[in-house]
> 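Here you go, one structure.
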Amino acid sequence: MEICIIGSGYVGLVSGACFAEVGHSVVCVDNDQRKIDMLLRGEIPIYEPGLEELVQRNVAAKRLRFTNSIEDGVDHSEIVFIAVPTPPQSDGSVDLTYIERVAREIAGVLKPGQYRVVVDKSTVPVKTGEKVDATIRRYNPSAEFDVVSNPEFLREGCAVPDLMRPDRIVVGSASNRATDLMKRLYEPFQSPILVTDVNSAELIKHAANSFLSLKISYINAVSAICEASGADIEMVADGIGMDRRIGRNFLNAGLGYGGSCFPKDVKAFIAIAEELGVPFHLLKEVERINASQLDRFLKKVRDALWVLRDKKIGVWGLTFKPDTDDVRNSVAIELVNKLAGEGAQVAVYDPKGMVKAVEYKLLHPSVRLAESPLDAALGAEALLLATEWKEFARQDFAGVKANMHTPLLFDGRNLLNPKIMREIGFDYHAVGRP
Ligand code: UDX
């Protein structure tokens, strides 16, 4: 099928590449000429395992191309995806100006007799589809189209496998014609397709991400009880996770959730519920618990070092989770900056996150970028693990300890084995485990 994706960011680019991979003819559109130029040169603006090869293979096979022209994209395609950013506003509600603008632009290029399915893939508040529909009709009363909601559930770091083999595909549609086209589009993915009305599909995305955030905050709240009682959160999580109704996924206690989705989506869902007159207090507690994880962790560091000023502290990790270069809303960055803000001499190492942390000027000016995990630990009075990269677990810890001033180790993601760390001679502290 012939499709276009407006917005070549994370969701748009990975979706475009995956649709091309299963044989569709895909045009990715973006109004950022710099990004389009990069993509035309074969450069990928984000780090995502497997994406570069996927893009190169499908460009070479002429199933994937890039343009800055919405008209070109819409002309080419039976299905037009909208995958532009929906950033948060200062009150937590969603900024829909990019969606609205794209809706007007699509209206401006739709030709008479040219039926198109306009699919919203960006995460949007419930009832946005109705507004997109009304906007296109207002700016082009003779346009023939249907608006469909098709939220994306990919995770950064495993976006390609998530997209190629999704747990489910949600299609919110009020038109049989549009639903049939969407089913044909997704046929090669061999995943269950749930067809709903447009409003329900939009709500599913916010409800799903908020539920996963709630699951993380739940286990983090239990981790605080473990610390107070001497129980071990890893055993507790295994014990409750073995109940198939609960499941072990997303029960990893740590420094809390970050990234460009959960914090934003929980806030947005709170704002959406508020606006609809049904306040969602439970989600406010989810946010409170999430913020308290970093505070509790910092308290442990302060309890051990007393005063942070002038202390040499090594930090492993900057990205909001492993296997990505994304440092947006990363708890690790917040941790590093709080330490540096209190006068500690922080040296940090991250396998992929340092370039963007510098490019976006996210780090306190006093923070030193280390060349390796060992370099970050050199002479340190404490070493803090903030992101659970596998590479960190594989370090020669006897060598790390030998190069530190004091063998104090704080594992903010419960990545390491407490028994082994203590045998090596570390004064080891984790989250919610003795
Ligand atoms: C998330 C959703 O999983 C995905 O479906 C949606 O489309 C976008 O948002 P992502 O933000 O890429 O994906 O990362 P995810 O793997 O879900 O992790 C989010 C945050 O939660 C990370 O900061 C991670 O460290 C944290 N987390 C996750 C925990 O603290 N504990 C867990 O058990 C799982």
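The first residue of the sequence shown is numbered 1, and numbering continues consecutively from there. Heavy-atom basis, side chains included; hydrogens, waters and symmetry copies ignored. Read the numbers this way: they start at 1 and go in the same order the structure lists the ligands and their atoms.
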> Going by heavy atoms, is G254 under 4.0 Å from ligand 1?
no
> Could you tell me, atom by atom, which parts of ligand 1 come under 4.0 Å of a heavy atom of E152?
7 (O)
> Of the backbone atoms (N, CA, C, O) and the side-chain heavy atoms from C-beta on, which set of R413 has a member under 4.0 Å from an atom of ligand 1: side chain, backbone, both, or neither?
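Looking at R413 and ligand 1, just side chain atoms fall under 4.0 Å.
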> When you measure from atom 9 (O) of ligand 1 to every protein heavy atom, which one gives the shortest distance, and what is it?
C261 CB, 3.0 Å
> Is the closest basic N to carboxylate O distance between E78 and R116 below 4.0 Å?
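Judged by the 4.0 Å cut-off on N to carboxylate O distance, E78 and R116 do not form a salt bridge.
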> Using a 3.5 Å distance criterion without hydrogens, assess whether the side chain of K264 forms a donor-acceptor pair with backbone atoms of T86.
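Between the backbone of T86 and the side chain of K264 there is a qualifying donor-acceptor contact (under 3.5 Å).
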> Answer yes or no: is there an ion pair linking R288 with E285, defined by an N-O contact shorter than 4.0 Å?
yes
> Determine, using heavy atoms of G259 and all atoms of ligand 1, whether some pair is separated by less than 4.0 Å.
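Flag not set, G259 not near ligand 1.
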> Looking at F19 versus F81, is the centre-to-centre ring distance below 6.0 Å?
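Yes, ring centres under 6.0 Å apart.
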> Does atom CD of E43 have more than 12 heavy-atom neighbours, drawn from other residues, nucleotides or ligands, at distances under 6.0 Å?
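Yes, CD of E43 has more than 12 neighbouring heavy atoms, counting only those of other groups under 6.0 Å.
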> May I ask you to decide if P192's main-chain N or O and Y186's side chain share a donor-acceptor pair within less than 3.5 Å?
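No, the answer is negative, given that no donor and acceptor are paired below the 3.5 Å cut-off.
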> Geometry only, no angles: is E388 polar-contacting ligand 1 at N/O separations under 3.5 Å?
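In fact, backbone or side chain, E388 has no N or O that close.
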> Can you check which of I219, N414, L154, V11 brings a heavy atom nearest to atom 6 (C) of ligand 1?
L154
> Tell me: protein heavy atom nearest atom 33 (O) of ligand 1, and distance?
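The protein heavy atom lying closest is N252 N, 2.8 Å.
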> Can you check whether P407's main-chain N or O pairs, donor with acceptor, with K401's side chain at less than 3.5 Å?
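Between the backbone of P407 and the side chain of K401 there is no qualifying donor-acceptor contact (under 3.5 Å).
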> Quiz question: by atom type and distance under 3.5 Å, do the side chains of D95 and Q89 form a donor-acceptor pair?
no
> Using heavy-atom distances only, which candidate in R248, K321, R155, Q293 approaches atom 14 (O) of ligand 1 most closely?
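Comparing heavy atoms across R248, K321, R155, Q293, the nearest one to atom 14 (O) of ligand 1 lies in K321.
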> Counting non-hydrogen protein atoms only, what is the nearest one to atom 27 (N) of ligand 1? Give residue, atom name and distance.
I216 CD1, 3.4 Å
> At a non-hydrogen distance cut-off of under 4.0 Å, which region of N209 contacts ligand 1 (side chain, backbone, both, or neither)?
side chain
> Look at atom 1 (C) of ligand 1 and say which protein heavy atom is nearest, naming residue and atom and giving the distance to 0.1 Å.
F262 CE2, 3.4 Å
> Heavy atoms only, cut-off 4.0 Å: how does K205 contact ligand 1, side chain, backbone, both, or neither?
side chain
> List every atom of ligand 1 that sits less than 4.0 Å from any heavy atom of L251, numbering the atoms from 1 in the order shown and giving each element.
33 (O)
> Sub-3.5 Å donor-acceptor pair from the side chain of T179 to the main-chain atoms of S175, do we have one?
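Looks like yes, one N/O pair under 3.5 Å.
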> Under 6.0 Å between ring centres: does that hold for F392 and W316?
yes
> Return the closest protein heavy atom for atom 12 (O) of ligand 1 as residue, atom name and distance.
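For this ligand atom, the closest protein heavy atom is E156 N, 2.7 Å.
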> Any chance CZ of F189 has more than 12 other-residue heavy atoms, nucleotides or ligands included, within less than 6.0 Å?
yes
> Would you say L212 has any N or O atom under 3.5 Å from an N or O of ligand 1, going by distance alone?
no
> I want to confirm something. Looking only at heavy atoms, which of F153, F320, Y10, F250 is nearest to atom 34 (C) of ligand 1?
F250
